[in-house]
Q: 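One structure follows; several queries about it will come next.
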2 protein chains.
Amino acid sequence: MVTLAEVAQHAGVSASTVSYVLSGKRSISMATRERVERSIQQLGYHPNAGARALASSRSNIIALMVPLRTDMYVPVMMEIAIAVATTARAHGYDVLLLTGEEGPAAVRRIAGSSLADAMILMDVELHDERLPLLLETERAAVLIGLPAETDGLTCVDLDFEATGALCVEHLAGLGHREIAVIGEAAAVYDRHTGFAERTMDGVRTKAQQTGVRVLHRPCDGGYAAMERTLARIFDERPGTTGFIVQNESAVEPLLNLLRQQGRAVPEDVSVVAICPQQLASEASVRLTSVAIPAQEMGRRAVEQVVAKLGGRGTDEVELLAPELTIRASSGPAPVR
Amino acid sequence: MVTLAEVAQHAGVSASTVSYVLSGKRSISMATRERVERSIQQLGYHPNAGARALASSRSNIIALMVPLRTDMYVPVMMEIAIAVATTARAHGYDVLLLTGEEGPAAVRRIAGSSLADAMILMDVELHDERLPLLLETERAAVLIGLPAETDGLTCVDLDFEATGALCVEHLAGLGHREIAVIGEAAAVYDRHTGFAERTMDGVRTKAQQTGVRVLHRPCDGGYAAMERTLARIFDERPGTTGFIVQNESAVEPLLNLLRQQGRAVPEDVSVVAICPQQLASEASVRLTSVAIPAQEMGRRAVEQVVAKLGGRGTDEVELLAPELTIRASSGPAPVR
DNA sequence: CTGAAAGCGCTAACAG
DNA sequence: CTGTTAGCGCTTTCAG
């Protein structure tokens, strides 16, 4: 292990000079800087993370709490996590991966031990147990998702309310008058995850404005569940011509079943999905969709966190505007 | 920030005593132990991670390098990552999330800075650039995946060779004489990711033994790619009755296209998948499959790493035995 | 069974 | 522009 002292000696300067060359926190003459840098290279020096953290009380680590559950669409989580990790690196931070398993205790542990300078929480529930602790700790934090009460919190999320409205608007504009929303698994609603409910708020409001009738059905993944759900929908509302799907693992089952039942997409029924762009364009019917901007969310969360750590804090809710891309799954409502 | 010194004072003992209460590295009288523990509770003390790392030269952090690419099946990666994180916590370690982005440099950085005590590498290529560095650093490390040269390395992986053989054996046993393997995207093979090639080794060997003809075609995800691939296969080998699919995003397209072409599964063609259990059981046809034991792989990797850190090192290759589960997608070859 | 004290490697005043 | 020095909070000998 090469130490800073050894570098200093090798370069014929004091330890502090080496430190300042590294941090750039005071001006160094061209000559010594170069000498020091050469020594660093030659000796293969890397500053010791623990020592640095102790002395500066900054670990340059951001903790990321990902949900443990598997009933959410995993690729989105992963995409966010990767975006967080790469963006963090670009700002000189490493990312500590925490699973929801430890629950609120993790917040205490990380904050208490100064292991991380800041935290990013994913999969935030409306009344999340971790939030009170987070507010106590005084550590920089950003939520990906939106809880019921956002006072003193910084949040980043897709504007799901606008998303729901946008989907209804699109279908209504095409003349659809009866719409069914196929939602996440019931457990997601029970847990009061914000985004699912917010989407429905937007859907209902816009439906009222446009005079569209809406039916909302949670749905588990897989074919069996989808089959039951679909049967119920057409039972209760035979005139349904528009679908909004907010459940990645229901997309393909839905399309398959509609096909089996002889309902052509988009001639007989239109489908609008709320899902990652890739899924929408690779489905068996290229789906009109509102994309979930996973990368953007991860990136913005880190940028917010970094801003806070730099003192340029903003306790704000940042909602990303939804964008609807029209593909092959939506068209004019059939004339009856 | 409560410090150990404050706890010591509060409990009326020396700092070292508190430290030893925490580490259990020497015997403490019942009385003082309780007093100290009470003080820790009351003051809400958490040991400072940086100080601890500095003094003990152990960070209690395991670095996990996940691939940046998105052409691999993401849920498996995520499942491994989560298993790693939870298993690590159970052993008192936290997990640092590194993306492939930094490449080999990350190995140097982490090892050099003593940020992590050990590393787990995922998505190892046959001739991985990170391996030479890893061998130099003398840090504990475990690979998830199998490179060409495993000397001095500890690896955990599914036995893909046995997996390939097992799939062929199953189909051959059902009387299939012409088999097609639908593989990962061509890029995966170009990169010489070990598992894909090893699967084919097993497939070819067993095919030879059982007198089965094999055709291997890489395939990108999505319907368009699958359609081309399938057309080519039936062009070249019209008698193909068995499929082995090792590409999660090709599974559903394959099933759909076979259906469209009027080929019944499993009456006309049998399909065996190599994929996560969940995907197999939720597909539009319940798939006979060899499961990818993601959790088990993550768990074993951590256990190996922890063993190494504890001095009970084992430079070994641990291959998990494949298990084939028969579901509804495979059956006797049709009589011609 | 418990204390005292010497660092671990680095940062950041404080001096010049 | 550079050096000296006092810690950061903890672990771990060395004494007792």
Side-chain angles (χ1 to χ4, degrees), chain A residues 1-37 39-40 43-61 92 94 109-117 309, chain B residues 1-37 39-40 43-61 92 94 109-117 309:
Chain A
M1 274 280 347
V2 187
T3 70
L4 184 147
E6 293 174 313
V7 174
Q9 191 168 17
H10 181 107
V13 298
S14 75
S16 62
T17 298
V18 177
S19 176
Y20 284 119
V21 166
L22 254 35
S23 69
K25 285 188 182 173
R26 78 182 186 191
S27 38
I28 306 279
S29 76
M30 213 30 175
T32 60
R33 146 166 293 124
E34 277 178 1
R35 211 136 35 79
V36 169
E37 276 167 352
S39 297
I40 290 178
L43 302 182
Y45 167 74
H46 282 271
N48 178 295
R52 185 171 257 188
L54 178 56
S56 65
S57 49
R58 271 169 154 292
S59 64
N60 280 293
I61 289 179
D94 272 296
R109 189 171 67 82
I110 299 303
S113 65
S114 298
L115 220 189
D117 299 332
L309 289 173
Chain B
M1 273 279 346
V2 188
T3 70
L4 183 149
E6 293 173 314
V7 174
Q9 192 170 15
H10 181 107
V13 298
S14 75
S16 60
T17 299
V18 177
S19 176
Y20 284 118
V21 167
L22 253 35
S23 69
K25 285 189 181 171
R26 78 182 186 191
S27 37
I28 305 279
S29 76
M30 211 33 174
T32 59
R33 145 166 292 123
E34 276 178 2
R35 209 137 35 78
V36 169
E37 276 168 353
S39 297
I40 289 178
L43 302 182
Y45 168 73
H46 282 272
N48 179 296
R52 187 169 254 189
L54 178 55
S56 66
S57 47
R58 269 170 157 291
S59 63
N60 280 292
I61 289 179
D94 272 296
R109 189 171 67 83
I110 299 304
S113 65
S114 298
L115 220 188
D117 298 332
L309 288 174

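Note on naming: letters A, B, ... go to the chains in the order of the sequence lines (proteins, then strands), and numbering restarts at 1 for each one.
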Q: If you round to the nearest 0.5 Å, how far is CD1 of A:I110 from OG of A:S59?
A: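 Rounded to the nearest 0.5 Å, the OG-CD1 separation comes out at 9.5 Å.
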Q: Measure across B:S16 and B:R26 and return the closest heavy-atom pair with its distance rounded to 0.1 Å.
A: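 Result for this residue pair: OG-NH2, 4.1 Å.
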Q: Is there side-chain contact between B:V36 and B:R33, with heavy atoms separated by less than 4.5 Å?
A: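 The answer is no; the side chains never approach within 4.5 Å.
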Q: What is the separation between atom CG on B:N60 and atom P on D:dT11, rounded to the nearest whole Å?
A: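 About 10 Å, once rounded to whole Å.
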Q: Give the minimum heavy-atom separation between A:L43 and A:E6, together with the two atoms involved.
A: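 Smallest heavy-atom distance, with atoms named: CD1-O, 4.0 Å.
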Q: Within the supplied structure, the quantity of interest is the number of heavy atoms (other residues, nucleotides, ligands) at a distance under 6.0 Å from B:Q9 CD; does it exceed 12?
A: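 Incorrect, the count does not exceed 12.
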Q: Find which nucleotide of DNA chain D each of A:A31 and A:A51 is nearest to by heavy atoms, and output the residue with the more 5' nucleotide.
A: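 Between the two, 5'-proximity favours A:A31.
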Q: Do side-chain atoms of A:S19 reach the backbone of A:A15 as a donor and acceptor pair under 3.5 angstrom?
A: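 No: the side chain of A:S19 does not pair with the backbone of A:A15.
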Q: How far does the helix from C:dC1-D:dG16 to C:dG16-D:dC1 bend, going by the axes of its first and last five pairs, to the nearest 10°?
A: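 What I find for the helix from C:dC1-D:dG16 to C:dG16-D:dC1 is an axis angle of 30°.
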Q: Mind calculating the distance between CG (B:L4) and P (D:dC8) to the nearest angstrom?
A: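 Taking CG of B:L4 and P of D:dC8, I get 13 Å after rounding.
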Q: Return the 5'-most residue of the pair B:H46, A:M30 with respect to DNA chain D, ranking by each residue's nearest nucleotide.
A: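 Closest to the 5' end, via its nearest nucleotide, is A:M30.
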Q: For A:L22 versus A:I40, what's the shortest heavy-atom pair and its separation?
A: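 Of all heavy-atom pairs spanning A:L22 and A:I40, the closest is CD1-CD1, 3.4 Å.
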Q: Return the CG to CG distance between B:N60 and B:D117, rounded to the nearest 0.5 Å.
A: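 So the CG of B:N60 and the CG of B:D117 are separated by 6.0 Å.
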Q: To the nearest 0.5 Å, how far apart are CZ in A:R52 and CG in A:L4?
A: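 Here the interatomic distance stands at 9.0 Å.
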Q: Closer to the 5' end of DNA chain C via nearest nucleotide, is it B:L54 or A:S56?
A: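 That would be B:L54.
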Q: If you take any heavy atom closer than 4.0 Å to DNA chain D, which residues from residues 16-29 of chain B end up in contact?
A: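 Correct list: B:S16, B:S19, B:Y20, B:K25, B:R26.
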Q: Shoot me the first and last contacting nucleotide of DNA chain C against chain B, ordered 5' to 3', at under 4.0 angstrom to non-hydrogen atoms.
A: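 Footprint of chain B along DNA chain C, 5' to 3': C:dC1 to C:dG9.
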Q: Determine the contact category for B:T32: base if any of its heavy atoms lies under 4.0 Å from a base atom, sugar-phosphate if only primed atoms, P, OP1 or OP2 are that close, otherwise nothing.
A: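 Since only primed, P, OP1 and OP2 atoms lie under 4.0 Å of B:T32, the category is sugar-phosphate.
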Q: What distance do A:N48 atom CG and A:T3 atom OG1 have between them, rounded to the nearest 0.5 Å?
A: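 OG1 of A:T3 is found 9.5 Å from CG of A:N48.
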Q: Rounded to whole angstrom units, what separation is found between the CD1 atom of B:I40 and the C1' atom of D:dC10?
A: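 About 13 Å, once rounded to whole Å.
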Q: Could you state the interatomic distance from OG (A:S23) to CD1 (A:I28), rounded to the nearest 0.5 Å?
A: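 With rounding to 0.5 Å, OG (A:S23) is 8.0 Å from CD1 (A:I28).
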